[in-house]
Amino acid sequence: MTRDDLVFLVQTKTNKDFNYKNDVYRLSFGTDEKGEYIKFGLLYEERKYYSFGEFWNEAKIENHFFKEMLDIF
């Protein structure tokens, strides 16, 4: 997966599961009182990010930044 592929998923609000070492990481979307958000993390332990920049710079899989692992997905 490339950064452009990820941007497309975010722009179209397409939910996607990523499997890594037998764990499922979910990318999903929603809205709350603060506005629209991106949710990412281990299944049922996702964290909310309120901008793509925040998600891009902070989302992690284990101790690795998600953005650095895109090529394995």
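The first residue of the sequence shown is numbered 1, and numbering continues consecutively from there. Bear in mind that the values here come from a model prediction, so they are computed numbers and not experimental data.
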Q) Under a single-linkage definition using a 4.5 Å side-chain heavy-atom cutoff for Ile, Leu, Val, Met, Phe, Trp and Tyr, are Y25 and F52 assigned to the same hydrophobic cluster? A) yes

Q: Verify the cluster assignment for F40 and L42: are they in a single hydrophobic cluster under the rule of side-chain heavy atoms below 4.5 Å apart?
A: yes

(Q) With ring pair (Phe, Tyr, Trp, His ring centres under 6.0 Å) as the criterion, how do Y49 and F55 come out once you've worked through the C-alpha distance, each side chain's angles and the decisive distance to 0.1 Å? (A) CA-CA 5 Å; Y49 302 92; F55 168 66; 5.6 Å; yes

Is the shortest side-chain heavy-atom distance between [X] and [Y] below 4.5 Å?
X: K39; Y: Y37; value: yes
X: N15; Y: F29; value: yes
X: F18; Y: L27; value: yes

Spacing of [X] atom [atom1] and [Y] atom [atom2] [to the nearest 0.5 Å]:
X: L9; Y: T12; atom1: CG; atom2: OG1; result: 5.5 Å
X: L6; Y: T14; atom1: CG; atom2: OG1; result: 11.0 Å
X: Y50; Y: I38; atom1: OH; atom2: CD1; result: 11.0 Å

Which donor-acceptor pairs under 3.5 Å do side chains of residues 58-73 form with protein atoms, sequence neighbours excluded?
| from | atom 1 | to | atom 2 | distance (Å) |
| --- | --- | --- | --- | --- |
| E58 | OE1 | R47 | NH1 | 3.1 |
| E58 | OE1 | R47 | NH2 | 2.7 |
| K67 | NZ | N57 | OD1 | 3.3 |

Q: Would you mind listing every salt bridge (charged side-chain N to carboxylate O under 4.0 Å, His left out) that reaches into residues 8-20, with sequence neighbours excluded?
A: K13-E36, D17-R26

